[in-house]
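Here the structure comes first, spelled out in structure tokens, and everything after it is commentary.
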Amino acid sequence: MYGGSYYVFQEREADAITRVSQLLSQTLGVASQHVDARDVLEVGCAKGYLLALLKARGWRVRGVELSADAAAFARARFGLDVFTGTVEAWLHSSEFRPAPLVLSTDVVEHVTDLV
């Protein structure tokens, strides 16, 4: 379902950065009203563009990504701390660390069991 043919691998990086920059602007506006710490976890971080932009702004960032291809890209391209697997697997792993801010965009439509 999330192999190399998935749409995130077909998008040009410049287009992805533009799209994610707009999302970042909106997200930070809301998040800054609720959280002082600049420490974020993104669930469903895809190729890591949002986390890379936050990292460049001085945030401590990490992600959880189901797609091994996308997670590998985020680690290789941006040097991000990305756990490959489900949120449930991450919660039970040695890599689990809570974060004051958790972001998740374009994820719920991929969840098979919302309970």
Within this structure, what is the CG-CZ distance for the pair L66 and F83, rounded to the nearest 0.5 Å?
10.0 Å
Using the side-chain contact (heavy atoms from CB on, under 4.5 Å) rule, take L51 and K55 through it: C-alpha gap first, then chi angles, then the decisive distance, then the call.
CA-CA 6 Å; L51 291 178; K55 183 180 176 182; 6.0 Å; no
Any idea which heavy atoms bring A74 and A46 closest together, and the distance?
CB-O, 4.3 Å
If we only count heavy atoms from C-beta on, is the L101 to W59 side-chain gap below 4.5 Å?
yes
By salt bridge (Lys or Arg N to Asp or Glu O under 4.0 Å), which residues pair with E88, not counting sequence neighbours?
none
Taking the ring of Y49 and the ring of F78, is the distance between their centroids below 6.0 Å?
yes
Can you tell me which residue pairs pass the side chain to side chain donor-acceptor pair (under 3.5 Å) test with a partner in residues 73-85, sequence neighbours excluded?
E13-R77, R75-T84
Run the numbers on D39 and R62 for salt bridge (charged side-chain N to carboxylate O under 4.0 Å, His left out), then give the verdict.
CA-CA 8 Å; D39 183 3; R62 59 193 179 280; 2.8 Å; yes
Indicate yes or no: at least one non-hydrogen side-chain atom of V64 is less than 4.5 angstrom from one of C45.
no
Shortest non-hydrogen contact between I17 and L53, atoms and distance:
O-CD1, 4.4 Å
Return the minimal non-hydrogen interatomic distance between E65 and A71, and the atom names on each side.
CG-N, 3.9 Å
Which value, rounded to the nearest 0.5 Å, describes the distance between E42 atom CD and L80 atom CG?
9.5 Å
Within the structure provided, determine whether L103 and L50 are in side-chain contact (heavy-atom separation under 4.5 Å).
yes
Show the numbers, then the answer: is there a side-chain contact (heavy atoms from CB on, under 4.5 Å) between V40 and V102?
CA-CA 6 Å; V40 64; V102 177; over 6 Å; no
